[in-house]
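Please read through the structure below; I'll follow up with questions.
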Amino acid sequence: MTDATLKVTPIRRRFGLPAVPISVALAVTWIVAMLLIAAFAEKIAPYGFTQLDLRNRLAAPGNAAHWLGTDELGRDVLSRLLVSIRISLLIAFGATAISAVVGTMLGFLAAHFRGAVEQLVLMLSDFQASMPFLIMALAVLAFFGNSLPLLVGLMGLFGWERYARIARGLAISANAQGYAAAVRQLGATPSRIYLRHILPNIASTLIVSTTLVFPEVILMESGLSFLGLGVQPPMTSLGNMVGYGREYLTRAPWIMLAPATTIVVTTLAVSVIGDWLRDRLDPTLQ
């Protein structure tokens, strides 16, 4: 066991828990903290995220009234950061769930029907992979306007082709194995075969893929909000705060640094967890 790995405690020894690297433990701690902040943002925020304090405009961090400072309207940066974490995680989780469900279902359809249906799904996957998603998102948001449901649905179309290809390949492999054929011979419906028998056996691979898509969705939402086409005022998000703070980068850098640091650490934490899960769940690396 290296220095980067937590020491084996009697509890871990007793229950057979795997040794967790310190980097993974820190990443999990950070993600749990972000989830707790998202759940209780309004209760732990010292001020309303739209509340103005014109007497303390552009106040530097460290003062008793505003720990992370204020913006040019006197709004508390800490309060806005807490609410922004909630909105950004809501978009990221919702979009990732939509992407995973849509991609997995299309992959199962391709594996089940084969032929023309499979070719259609693969063609759509190739088109999605070759199309710059940011350009498509900019066009859709510019044409249909901005709303949170539209943004979540649009972001849900990001990365579905990865799930589709993975689900298709693993489902075809599972169909060639004995357990799927045995259940089919017992008269199980296709939906029961794929959802009750094949899906649990390929879930580990899909979970790892989710940890790769999730940080990309956060960065994509942040980029759209930075460009002014994501979350719209008075609502706030991490990308919205970064885009708003760039105008005051030289005079009040804390407005942008707090959300930017949160984005970087959150995406890094999810990536670290994803890499660890891949190493743990891949039988070829055992």
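When a residue number appears, it is its place in the shown sequence, counting from 1. Being a predicted model, the structure only gives us computed values, none of them experimental. We use all heavy atoms of the structure for the numbers below, so side chains are in, but hydrogens, waters and symmetry mates are not.
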Legend entry - Separation of S125 OG from E118 CD (nearest 0.5 Å):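 E118 CD to S125 OG: 10.5 Å, rounded to 0.5 Å.
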
Legend entry - Straight-line distance of L170 CG to I198 CD1, nearest 0.5 Å: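 It comes to 10.0 Å.
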
Inset, instruction - Indicate whether any N or O donor in one side chain lies under 3.5 Å from an N or O acceptor in the other, for N175 and H112. - result: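 No - no donor-acceptor pair under 3.5 Å links their side chains.
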
Inset, instruction - With rounding to the nearest 0.5 Å, note down the distance linking CE in M241 to OG1 in T262. - result: 8.0 Å

Inset, instruction - Tell me whether the guanidinium CZ or amine NZ of R75 lies under 6.0 angstrom from the six-membered ring centre of Y47 and within 45° of its axis. - result: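 No, cation not above the ring by the 6.0 Å, 45° rule.
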
Inset, instruction - Could you give me the CA-CA distance, side-chain angles and deciding distance for V265 and M34, then say whether side-chain contact (heavy atoms from CB on, under 4.5 Å) is met? - result: CA-CA 11 Å; V265 177; M34 291 296 100; over 6 Å; no

Inset, instruction - Check whether any side-chain heavy atom of L106 lies under 4.5 Å from a side-chain heavy atom of E161, and answer yes or no. - result: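 In short, these two side chains do not touch, never coming nearer than 4.5 Å.
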
Inset, instruction - Kindly check if the number of other-residue, nucleotide or ligand heavy atoms within 6.0 Å of CZ (R246) is above 12? - result: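 Counting neighbours around CZ of R246, more than 12 heavy atoms of other residues, nucleotides or ligands fall under 6.0 Å, so yes.
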
Inset, instruction - Would you please say whether a donor-acceptor pair under 3.5 Å links the side chains of N240 and S237? - result: no

Legend entry - For the student: nearest non-hydrogen atoms of A27 and I273, plus distance: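 Looking at all heavy atoms of both residues, the shortest contact is CB-CG1, 3.8 Å.
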
Legend entry - Criterion salt bridge (charged side-chain N to carboxylate O under 4.0 Å, His left out) on R162 and E216, from CA distance to verdict: CA-CA 13 Å; R162 307 180 193 179; E216 295 181 14; 2.6 Å; yes

Inset, instruction - State, yes or no, whether a side-chain contact exists between W276 and P21 at a heavy-atom distance under 4.5 Å. - result: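 Contact flag for W276/P21 side chains = yes.
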
Legend entry - Pairwise distance CG(D76) to NE2(H66) - rounded to 0.5 angstrom: 5.5 Å

Legend entry - Note, Y163 side chain near T210 side chain (heavy atom, < 4.5 Å):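 Sidechains of T210 and Y163: in contact.
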
Inset, instruction - Can you label the angle between the Y194 ring and the F108 ring as parallel, tilted or perpendicular, going by 30° and 60°? - result: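 If you compare the ring of Y194 with that of F108, the planes turn out tilted.
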
Legend entry - Side-chain touch F214/F93, heavy atoms, less than 4.5 angstrom: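 F214 vs F93: side chains touch.
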
Inset, instruction - First locate atom CZ of R196, then atom CD1 of I193, and finally report the distance between them rounded to the nearest 0.5 Å. - result: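 These two atoms lie 12.0 Å from each other.
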
Legend entry - Close side-chain approach of S79 and Q51, heavy atoms under 4.5 Å: no

Inset, instruction - Given side-chain contact (heavy atoms from CB on, under 4.5 Å), test L124 with W160 step by step and report yes or no. - result: CA-CA 10 Å; L124 291 175; W160 69 264; 3.8 Å; yes

Legend entry - Closest non-hydrogen atom pair, G153 against I98: CA-CD1, 4.3 Å

Inset, instruction - Taking all non-hydrogen atoms of both residues into account, name the closest pair between T104 and L199 and its distance. - result: CG2-CD1, 4.2 Å

Inset, instruction - Measure the shortest side-chain to side-chain distance between M235 and L148 over non-hydrogen atoms and say whether it is less than 4.5 angstrom. - result: no

Legend entry - From S99 atom OG to L157 atom CG, the distance as rounded to the nearest 0.5 Å: 8.0 Å

Inset, instruction - Check whether any side-chain heavy atom of R86 lies under 4.5 Å from a side-chain heavy atom of I37, and answer yes or no. - result: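 Side chain of R86 against side chain of I37, heavy atoms only: no contact under 4.5 Å found.
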
Inset, instruction - Report yes if the side chains of L81 and L238 come closer than 4.5 Å at any heavy-atom pair, otherwise no. - result: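 Side chain of L81 against side chain of L238, heavy atoms only: contact under 4.5 Å found.
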
